[in-house]
Amino acid sequence: MRLNKTLKIIKENTQLKVGCMMLVILFLAALLAPVIAPHNPNILSDDMVVAPNMKYWLGTDGLGRDILSMILYGARTSLVVGFTAAMIAGIIGTLLGGFAGYFGGRIDGVIGEMINIFMMMPTFFLILIVVALFGSGLFNVMVVIGLTTWVGNAKLMRAQAMSLRQRTFIKSAESIGESRMAILFKHIIPNGIFPIIANTTMGVAGAILTESSLAFLGLGDPNVISWGQIIQNGKSYLVDGWWMCVFAGLAIIFTVITFYLIGDGLNRVLSPKLRNLGKEVRG
Amino acid sequence: MALLSIRDLSVTYHSGTRHVKALNSLNLDINEGESLGIVGESGSGKTTLIMAILRLLPKGSVEISGEAFLNGKELISLKQEELLKMRWEEMALVFQKSMNALSPVHKIGVLMSDIYRIHKPEVSKRDARRRIEELLELVNLPSRVYDLYPHELSGGMMQRVSIALSLMFNPKLLILDEATTALDVVTQTQILEEIVALEKKLGITRMMITHDMSVVASTCKNVAVLYAGCLLETGLTQDVLVEPLHPYTQGLIKSFPVFDNDTHQPLQSIGGSLPDLSSPPPGCIFEPRCIKACDMCRESMPRLKEYGQGRFAACHLAGGEINV
Amino acid sequence: MSEEKSKGKVPVLEVIDIKRHYTQRKKHLTADGRVLKHAKIHSVDGVSFTLNAGEVLGVIGESGCGKSTLGRLLVRLEAPTSGSILIAGHSAEDLIRKDRLNFRRTTQMIFQNPFDTFDPRFSIEKIFIDTLKLHKIGENNSERRKIVIEKLESVGLIPAESFLDRFPHELSGGQLQRISILRSMMLEPSVVVADEPVSMLDVSIRADIINMLYNTAKEHNTSLVFISHDISTTRYISDRIAVMYLGRIVEMGAADEVATNPQHPYTKALISNCASIDPRSKHNPVKLPGEPPTPVDMPAGCAFAPRCPMAAPECCKTGQELRDFGAGRFIRCMKV
């Protein structure tokens, strides 16, 4: 029954519908890469800088690798990086924002300052420094993106917690004897999480872009195929081999749009519902 | 001659497969210079009624039928431009928290004279100010209120400003929708007294929507009791509240704590709750909660019958005999 | 503790001169045009009273008089700035430090807005069972379920099983308020604070809630603090009434005494403005000049003096004490 309801909501929201369809395509591409990829993306063939043709649908790069296969395998990297980094940012943001908003006082002061510091920091350069210092493994990249992008989530959750703590059911839970920690995890966070879910979805897109940028600058993980890397390699062939950059770039755009659509759709679907919960009866 | 007369007004909300009949062929008259209190609980349709007359209901999902004549003009089918003119100049509305609608960054006087000058663009700023100060004086506010911001006023002052605003173009009909509900008792009594005095002075007809019977008892000549979209009883306040004919009115009065000098009568509620208006009971709308209900009540909806001058009730059992 | 209670010597609740002050962050504009920075709001400003087991105390006053803050102080949703609250002779401060859960059990609160009293995501069953589990009532969930069903049926929520799977937004205000009272009473508290418990409900069902609250409190010998702006209802349910004005009690005494023979000019004004539904009754409401004040920048003398019809020059100079007039009657006015 819940599934039916979810499906109905997705069907009624165009953005969500299109976004979800695009997400399914992305997932299939990533999952089935070994099956559908026409070539092994790591094999260097003799056909270098070949324009798109029947054998190589999207052409080959300077080392003779098939672009289509690289893009399919690159989807895995992008999705893993995007989801992990966004999850890290979501969890940190929710926890810190929840603590700050619900407990208030000194805790709010300290976390508020942390938020301010992170907002002022040029995040991308911080990431560059960390990657330069600690190496550019995929793990490092994911963690550092997550650790630097939680601020938006924290601010959202803080505002949510601050308005929720005024609600009667939170006071009621307090007076019935629930501990502050229990209230935070049982009432505040679950009731205030919806905007964070929407924001985290958009965060996936941001993380994918950041990872691509790092790879483009040559700071990506050299052991995995990623879209940013394809573009970086293709950049020197921009005049003779436009297809390298263009198709990888399109893949990035496609993914980013997917997550923006879903995030925005979720935002529209979830927030009015949240606002109306409690009020439905009186209306 | 009735200033406002409502004929067979029905409002149905459509949502998906549900059709909620919020108002069920309502008939009401208010004579010029009189005051009518409309009493009803949540879900009685009292707000729907106001919204329907003022044509503020959303188009599309709402179906309105019937007629409402204000001063001879039919409101339900009136053209938009004419309606806009009528809304301030012939009828004005004061909500429970009207002032919340005003912009917090502008002074009261500026807000008020803006509204004045929208309707009367030819008036100079100075004349507008004079008129606003006159209005503020009318509702017993000091003229310094002109230079205050909305958040600097107390609840009572806010409602006074709202009333002053509604009187701006000398409307014939003043509609108060729970206008004093959120105020303290002392302030409420004072404002109600002022309104009564004002309408005598300016010759205004008042329609007052409230859930508080004591407000009606002290300020209205006539009363109409609404329940689940149906008019159950109407008549002079002194008749209806003293000798109610309809079991619902009787129940309402019994559930109101009396501040009597010596007795401690036990309070009584009306059992049960409002019927689902998308599938109302086949008979009388109040039958499921009525302690006197008989077979006939379950079968047919009683019609409004006249009991004496201007006194109507919709109950098979009213007046001690069975009416069909 | 229960022994002391049964002796009846130690009052269940003793409030000694509690105060709650807030510091306002934004600038405050006084009525005469002065601007105060960091103004102090004297929301509750020295309230003292005692409450015996099974007694109902009504607290009435206009909005902003501090009655709701007082309620929150009593159940410790807020801590007082100064003063103390004794529950059966023990300081609430110590009780909550020693055993928070037990303290929460002894003082319970019924809230004004039943539509928002429960987490909208939880079913009624989960709401009840979580509460019972928290306070270690019942051995297992099926036993707790049995307790809940029994309680629900005892207050006329029949069939109880049909309510268990429902969510708060599927119930009416009256049903929700009954569930709220039931949940609090299940913990067998010694003090219940009800903050305007019926003001958001329809008139026709208010009486049931009031009667239920009264009966369950008497049944368990629970003391009740009934906070309301409605004098008629308060008089109906209360044994004693305290009238608050600007954070202080201005008059307190037996409910009927205060209602029929008010002494303080403010109480007189309130009661004379009390509405009647009988259009024949002629009442002459006492008019109070000026606006209901805010508890900022309090006057030096009697707080009510600026609006008092009986005020003499000396009223504005010296503060008034709550004087004992015997038989539990207290009045804060020098003219009486």
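Please read these numbers as outputs of a predicted model, since none were measured by experiment.
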Does a salt bridge link B/K46 with B/E41, judged by any charged N lying under 4.0 Å from a carboxylate O? no

Tell me whether C/R166 forms a cation-pi arrangement with C/F163, defined as NZ or CZ under 6.0 Å from the six-membered ring centre and within 45 degrees of its axis. yes

With distance as the sole criterion, is a donor-acceptor pair present between the side chains of B/Q96 and B/D177 under 3.5 Å? no

Taking atom types as modelled and ignoring hydrogens, do the side chains of B/H211 and B/E178 form a donor-acceptor contact shorter than 3.5 angstrom? yes

Relative to chain C, which of [options] shows the most heavy atom pairs under 4.5 Å?
options                        : answer
B/V186, B/V216, B/L252         : B/V186
B/K254, B/R289, B/Q190, B/E193 : B/Q190
B/C220, B/A217, B/G251         : B/A217
B/T219, B/V242, B/T237         : B/V242

Considering only heavy atoms, which portion of [X] lies under 4.5 Å from any heavy atom of chain C: side chain, backbone, both, or neither?
X      : value
B/S273 : neither
B/Q188 : neither
B/Q268 : backbone

So C/D45 and C/L246, do their side chains get closer than 4.5 Å, heavy atoms only? no

Choice from C/S204, C/A207, C/G174 maximising heavy atom contacts with chain B below 4.5 Å: C/S204

If we define contacts as heavy-atom pairs under 4.5 Å, which of C/I209, C/L270, C/I231 has the most with chain B? C/I231

Point-to-point distance, once rounded to the nearest 0.5 Å, from CZ of C/R240 to CG of C/D256: 14.0 Å

Below 4.5 Å from any heavy atom of chain B, which atoms of C/D202 appear? Answer side chain, backbone, both or neither. both

What orientation do B/Y227 and B/Y248 show, parallel under 30°, tilted 30 to 60°, or perpendicular over 60°? tilted

